[in-house]
Amino acid sequence: QVQLVESGGGLVQAGGSLRLSCAASGSIFRINVMGWYRQAPGKQRELVARIISDESTNYADSVKGRFTISRDNAKNTVYLQMDNLKPEDTAVYYCNAVGLDSRLTRFDRWGQGTQVTVSS
């Protein structure tokens with residue numbers, strides 16, 4: 001069973017920075033994609049950023065130039081550096097990982113979520 005554990009959320013003033021981390025553990029053969037999604041109250045969950053195994057990245061237009069996603073393959077960990085935070089970034093942030101487990105069965109897992117609150 002593959003599990004994701006997130007950390008790094010919190011309360012920050014507008015213009016500040018936070019760094020989220022998400023570590024995957026369990027019977028992992030390979031992780032193909034790791035990403036961050038967020039869900040604000042009353043809104044649908046949306047993609048923030050994702051990183052593919054070849055290190056290519058995708059970002060939501062709203063965070064381009066402010067957020068940076070990176071991964072440490074040796075640690076099966078993905079990071080989200082969030083700079084110049086805005087009140088509209090307030091949401092619960094969820095980590096997602098897609099890959100193959102040790103039995104070469106595809107997995108698609110979500111973390112428990114971490115709250116990010118940006119005050120104006």
#### Entry: Pairwise side-chain contact, N73 with E55, heavy-atom cut-off 4.5 Å (strictly under)
yes
### Query
Are N58 and R50 close enough that a side-chain donor and a side-chain acceptor fall under 3.5 Å?
yes
### Message
Using 0.5 Å steps for rounding, measure from the CE atom of M82 to the CZ atom of R66.
### Response
9.5 Å
### Message
In this structure, would L85 and V63 fall into the same cluster of hydrophobic residues linked by side-chain contacts under 4.5 Å?
### Response
yes
### Message
Once rounded to the nearest 0.5 Å, what's the spacing between atom OG of S21 and atom CG of D72?
### Response
10.5 Å
### Query
Hey, does the side chain of N96 reach the backbone of R109 with a donor-acceptor pair shorter than 3.5 angstrom?
yes
#### Entry: From CA spacing to verdict: side-chain contact (heavy atoms from CB on, under 4.5 Å), E46, R38
CA-CA 5 Å; E46 63 176 1; R38 67 187 180 187; 2.7 Å; yes
### Task
Compute both the distance and the angle, then confirm whether R71 meets the cation-pi test with Y79: under 6.0 Å from the six-membered ring centre, within 45 degrees of the axis.
no
### Query
Does any non-hydrogen side-chain atom of C95 lie less than 4.5 Å from one of W110?
no
### Query
So which residues get pulled into L4's cluster when ILVMFWY side chains under 4.5 Å apart are joined, directly or through others?
none
### Task
Compare all side-chain heavy atoms of L20 with those of W36 and state whether any distance is below 4.5 angstrom.
yes
### Task
Can you measure from OG (S25) to NZ (K75) and round to the nearest 0.5 angstrom?
14.5 Å
#### Entry: Presence of salt bridge, K86 and D89, under 4.0 angstrom
no
### Query
Does some side-chain heavy atom of L18 sit less than 4.5 Å from a side-chain heavy atom of V116?
yes
#### Entry: Any F29 side-chain heavy atom under 4.5 Å of D101 side chain
no
### Query
Y93 vs F67 aromatic rings, parallel, tilted or perpendicular, using cut-offs 30° and 60°?
tilted
### Message
Could you tell me if T90 and E88 have a donor-acceptor pair between their side chains, going purely by distance under 3.5 Å?
### Response
no
### Message
Is there a side-chain contact (heavy atoms from CB on, under 4.5 Å) between N76 and I31? Walk through the geometry before answering.
### Response
CA-CA 8 Å; N76 287 327; I31 299 178; 3.8 Å; yes
### Query
Would you say L80 and V48 make side-chain contact, with heavy atoms under 4.5 Å?
yes
### Message
With heavy-atom distances below 4.5 Å as the criterion, would you say the side chains of Y94 and E6 are in contact?
### Response
yes
### N/O donor-acceptor pair under 3.5 Å between Y59 side chain and I69 backbone
yes
### Fellow cluster residues of V5, listed by chain then number, with links counted only when side-chain atoms sit under 4.5 Å apart
none
### Message
Set out, in order, the CA-CA distance, both residues' side-chain angles and the distance that settles side-chain contact (heavy atoms from CB on, under 4.5 Å) for I51 and V78, then state yes or no.
### Response
CA-CA 8 Å; I51 184 165; V78 65; 4.1 Å; yes
### Task
Could you give me the CA-CA distance, side-chain angles and deciding distance for S17 and D83, then say whether side-chain hydrogen bond (donor to acceptor under 3.5 Å, both in side chains) is met?
CA-CA 4 Å; S17 298; D83 298 317; 2.7 Å; yes
